[in-house]
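Notes follow the structure.
Each chain gets a letter, A, B and so on, in the order the sequences are listed, and its residues count up from 1.
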Amino acid sequence: MGKDVLPKIYDPGEIEEKWYSFWQDKKLFRAGEEKTSKEYSIVIPPPNVTGSLHMGHALNNTLQDILIRYHRMNGYNTLWMPGMDHAGIATQNVVERQLAQEGLKREDLGREKFIERVWTWKEHSGGVIINQLKRLGCSCDWDRERFTMDEGLSRAVREVFVRLYEDGLVYKGDYIVNWCPRCHTALSDLEVEHEDASGSLWHIRYPIEGSDEKVVVATTRPETMLGDTAVAVNPNDPRYSHLIGKHAILPLVGRRLRVIGDPIVAMDFGTGALKVTPSHDLTDFELSVRHNLDRVTVMDFHGRINERGIHFKGMDRYECRKAIVKELEEKGFLLKIEPYTVGLGRCYRCKDVVEPLISKQWFVKTGPLAAEALKAVETGATRIVPEHWTKTYYDWMNNIRDWCISRQIWWGHRVPAWTCEDCGTIVVSRQDPVECTSCKGSRLVQETDVLDTWFSSALWPFSTMGWPDRSELLKTFYPTSCLVTGFDILFFWVARMMMMGIKFMDDVPFKDVYIHALVRDESGKKMSKSLGNVIDPLEVMDRLGTDAFRFTLAALAAQGRDIRLSESRIEGYRNFMNKIWNAARFALPYLDSGEGLPAIDELESPSLSEQWILSRLNATIREVREGIETFRFNDAAQALYQFTWHEFCDWYIEQTKIPLSGEDSVAATRSAAVLRHVLDSLMRLLHPFIPFITEEVASKIPSNGSTVINGPFPTVDAALDNPEAERKMGTLMGLISAVRNIRAEMNLSPAKQLPVIVLPSSTEEQSVVEEDRRMVVALGRISDLTLSNPGEAVEVPRMSATAVTGEMRIFVPLEGIVDPDAEIARLEKELAKIEKELAGVQKKLSNESFLAKANPDAVQKQKDRQAELSAKAAGLGEGLAKMRTLKGL
RNA sequence: GGGCGGGUAGCUCAGCGGGAGAGCACCGGCCUUACAAGCCGGGGGUCACAGGUUCAAAUCCUGUUCCGCCUACCA
């Protein structure tokens with residue numbers, strides 16, 4: 001037919017490559033800078049420059065690409081802003097590990113050389129993930145790709161820091177922070193992962209000064225006692241209240257410890273007495289503020305005991321614990337050890353146990369920023385989907401603590417603050433200052449700390465668009481339409497973008513936040529390299545194809561539940577891709593006469609199946625649009641799967657073989673026109689989910705104007721809704737299925753053509769069957785179809801199988817072909833099912849309360865069901881009775 | 001401790017006030033000229049448990065229980 005013969009099996013490899021380059025070469029992902037009538041924008045959650053594509057990225061970016069492609073096809077000026085995050089600690093660790101292999105430490109290079117080295121690494125090996133995103137089919141505007149450390153974004157970081165400082169929202173101070181002794185830096189509260197570990201509760205006797213009394217404290221960290229400066233009890237505790245104001249003597253050390261009363265102490269925990277170590281415990285630090293206690297720091301930044309630790313000096317924290325416990329025991333201070341589960345905080349990067357330590361750090365005062373961010377969601381300026389996450393968001397915003405933003409590493413944005421060595425003034429400045437603002441001295445020393453990686457990510461929605469300049473891009477695309485992200489970074493990132501966006505842009509950074517699930521393995525475990533349960537997206541894409549993979553993710557992306565991904569699921573959708581491919585293989589040759597086909601709204605007297613498929617297509621368009629627009633990707637994917645496979649392929653295509661190969665050229669042309677329309681529409685509907693195969697198939701449709709990526713996306717045409725055609729087609733499908741069922745249940749070969757007698761209950765049923773007689777005969781494999789008039793007495797061979805569909809009776813004469821026992825068994829089974837259902841319906845209809853109170857539509861529905869079920873039961877009952885008579889039962 | 005999500009077919013999960021569904025797996029039959037990665041047919045579930053609301057509950061409410069996650073200054 002002059003067409004390339006398509007292979008039987010869809011082979012994604014070359015096709016994916018071909019189309020991605022095509023789209024890129026033609027600049028089809030490019031957003032227009034100027035405002036048009038409608039804009040749609042998303043900023044990508046910037047992957048770490050160290051990262052490689054994992055399942056979380058794959059899901060996240062597939063969903064974004066679906067939204068982006070959908071809106072682009074719908075004519076929006078669409079921007080998907082891509083880029084990467086410098087990932088301070090993570091990246092520094094990568095390069096430090098490389099250095100270690102050469103036997104070097106970063107200190108050996110010095111700060112400048114080390115940073116140079118990181119940049120070199122970034123240029124050569126960083127950012128492989130970008131190519132992996134392209135492999136996934138992401139239609140980002142790559143010409144605008146940004147990096148959190150590039151010049152523009154660094155300028156934005158400085159501007160924000162300085163303005164926050166000027167507004168009193170950034171401050172520096174000595175506070176207790178989470179310290180990672182391995183990474184050697186402070187961490188924010190969020191960067192600490194909590195876990196339970198088995199530990200002990202040591203009960204230690206502290207003598208009371210000048211008396212025989214003692215107080216017993218319980219602790220999980222005996223080594224910190226070296227830094228104790230008080231003992232706290234609850235003022236309402238009768239056991240201890242009389243001790244408040246007295247002093248205890250710290251064992252081993254001999255320091256006098258004031259006994260203080262504070263309601264924070266839980267009377268029912270441990271011994272009810274708490275040793276207070278302000279320098280090494282957050283609660284104790286706060287007690288020290290309230291009670292004006294001394295702070296004795298006994299541990300250094302490596303987690304070793306310092307010179308304040310008497311003879312334990314130089315020991316590692318855990319070594320010291322053993323030594324202390326041993327000595328306490330020897331000297332009789334240790335009264336009891338009980339097993340206890342302790343909460344451990346670990347560094348989210350290196351997993352080392354975090355140590356609370358006091359140090360000088362920079363903080364963002366979050367209170368005022370959080371208040372605005374909270375309000376933005378309450379007023380609906382930003383909507384969080386699924387909605388239940390808003391509560392989590394509120395809780396966090398309401399309990400927010402100041403954000404420690406300084407990190408003692410080298411890779412990142414250096415804090416733009418300088419200290420004057422002459423007068424001690426701190427200068428915070430947009431440009432590197434040359435002289436002290438106070439004494440005009442020139443001996444200025446810049447802070448060595450860098451900013452938390454999340455500080456720059458917090459600015460992402462506007463820093464990527466050129467801020468602090470009032471760029472065209474910002475005017476056109478800010479606020480962004482939607483943010484798509486996992487809940488694991490709701491606080492890290494989303495909350496902070498909200499705060500910064502509102503503060504610096506006077507508007508929320510995004511209108512919708514769609515929070516998707518986590519991808520887990522088959523057994524529900526989080527995928528991780530250490531568990532060895534990761535499915536590598538790239539390997540999957542290589543083997544099963546990108547489209548199959550993307551469709552799987554979309555189909556599983558139900559709101560509010562994690563995704564358990566399994567290979568077999570992806571294989572299932574790989575088969576779906578093949579199904580699409582083969583449907584196209586079938587259809588394409590008939591579409592050869594492209595321009596000769598009538599438009600869909602000019603069809604002359606379309607057949608029932610044509611009206612039906614157009615009505616179903618219309619319903620599918622509605623479901624897909626609705627699904628994407630409400631972030632119910634799984635619903636949209638299911639609707640597409642169902643329609644494509646079980647309506648278009650199973651019924652429409654099967655049926656269309658008759659007119660397409662028939663001698664009626666008008667019917668053949670019309671049929672081809674509908675086939676073409678549905679195939680083309682389907683490719684468009686599917687395109688956001690599976691961009692490659694759809695583009696390939698659509699390109700094979702003769703004289704198809706442009707590529708699918710440009711749209712348009714199919715629109716609902718209410719004129720095509722046709723409930724009547726759907727009902728009639730249902731009748732025919734029921735008839736065909738009934739015949740097939742009899743054949744199969746009677747163990748007859750599928751090739752066996754059977755004679756069928758149909759007794760319609762109405763003239764409508766009669767004419768429906770009559771008009772599509774050829775379809776019924778072909779799909780039901782019927783040798784001879786006898787169609788009676790309604791109510792007419794037709795002679796049915798005594799030895800026939802019986803079925804009922806709608807209210808139409810179907811007989812298949814089986815004289816001499818089959819054992820009547822089999823038919824009796826089949827009918828009994830079927831009848832039992834119907835009668836059970838009927839009983840349920842009748843019970844409802846005989847319930848007066850139901851008739852009186854239920855919605856009239858609901859009542860009518862039950863009545864209709866009753867009629868249908870009764871007819872069916874009657875028909876099957878008669879068939880059964882006849883069969884039994886035959887058998888002489 | 002507080003909060004959130006979940007317990008529906010063998011497995012993975014939709015459905016969330018009126019006929020228990022899908023995919024995979026399973027059973028039976030088919031190389032029917034787009035597709036065996038396919039076609040046709042079929043079996044399979046007191047929707048965790050207990051109460052309640054309602055004419056009607058897998059679906060709403062309360063409690064119980066089990067699982068998962070987030071969060072937290074009981075050392």
Under 3.5 Å, which N/O atoms of the protein pair with N/O atoms of nucleotides 41-45 of chain B?
unit_1	atom_1	unit_2	atom_2	d
B/G41	O3'	A/Asn741	ND2	3.2
B/G42	OP1	A/Asn741	ND2	3.2

Q: Can you sort out the partners of A/Thr220 under side-chain contact (heavy atoms from CB on, under 4.5 Å), two or more places apart, ordered by chain and number?
A: A/Leu201, A/Tyr340, A/Val342

Q | Partner residues of A/Ala639 under the side-chain contact (heavy atoms from CB on, under 4.5 Å) criterion, sequence neighbours left out | A | A/Glu623

Q) Using a cut-off of 4.0 Å on non-hydrogen atoms, how would the nucleic acid contact of A/Arg290 be classed: base, sugar-phosphate, or nothing? A) nothing

Q) Within the structure shown, what part of the strands sits under 4.0 Å from A/Arg781 by heavy-atom distance: base, sugar-phosphate, or nothing? A) base

Q.
Once pairs are restricted to Watson-Crick or G-U wobble with both distances under 3.5 Å, how does RNA chain B read as a dot-bracket string, [ ] for crossings and | for other-strand pairs?
A. ((((((((.[[[[.)..(..]]]].(((((.......))))).....[[[[[..)....]]]]])))))))....

**Q.** Residues in salt bridge (Lys or Arg N to Asp or Glu O under 4.0 Å) contact with A/Lys657, at least two apart in sequence or another chain
**A.** A/Glu654

Q: Output all residues satisfying salt bridge (Lys or Arg N to Asp or Glu O under 4.0 Å) with A/Lys829, sequence neighbours left out; order by chain, then residue number.
A: A/Glu745

Q: Just jot down the ring pair (Phe, Tyr, Trp, His ring centres under 6.0 Å) partners of A/Phe285, sequence neighbours excluded, or say none.
A: none

Q: Could I get the full list of ring pair (Phe, Tyr, Trp, His ring centres under 6.0 Å) partners for A/Tyr240, not counting sequence neighbours?
A: none

Q. B/C55, B/C24, B/G18: which one has an atom nearest the side-chain heavy atoms of A/Lys844?
A. B/G18

Just how far, in rounded Å, is [atom2] of [N] from [atom1] of [X]?
{"X": "A/Arg743", "N": "B/C40", "atom1": "CZ", "atom2": "P", "answer": "13 Å"}
{"X": "A/Lys853", "N": "B/U53", "atom1": "NZ", "atom2": "P", "answer": "13 Å"}
{"X": "A/Ile515", "N": "B/C4", "atom1": "CD1", "atom2": "C1'", "answer": "12 Å"}

What does the list of N/O pairs under 3.5 Å between the protein and nucleotides 71-75 of chain B look like, with a distance for each?
unit_1	atom_1	unit_2	atom_2	d
B/C73	OP1	A/Arg401	NH1	2.8
B/C73	O2'	A/Thr283	OG1	2.3
B/A75	OP2	A/Tyr340	OH	2.4
B/A75	O3'	A/Thr220	OG1	3.3
B/A75	N6	A/Ala266	O	2.8
B/A75	N6	A/Phe269	O	3.3
B/A75	N1	A/Ala266	N	3.2

All N/O contacts under 3.5 Å from nucleotides 58-62 of chain B to the protein, with atom names and distances to one decimal?
none

Quick one: side chains of residues 832-846 of chain A, donor-acceptor pairs under 3.5 Å with protein atoms, not counting sequence neighbours, listed by atom name and distance.
unit_1	atom_1	unit_2	atom_2	d
A/Glu837	OE2	A/Arg865	NH2	3.0
A/Ser846	OG	A/Gln842	O	3.0
A/Ser846	OG	A/Lys843	O	3.0

Q. Could you run down nucleotides 34-39 of chain B 5' to 3' and tag each one B, S or - for protein heavy-atom contact under 4.0 Å?
A. BBSBSS

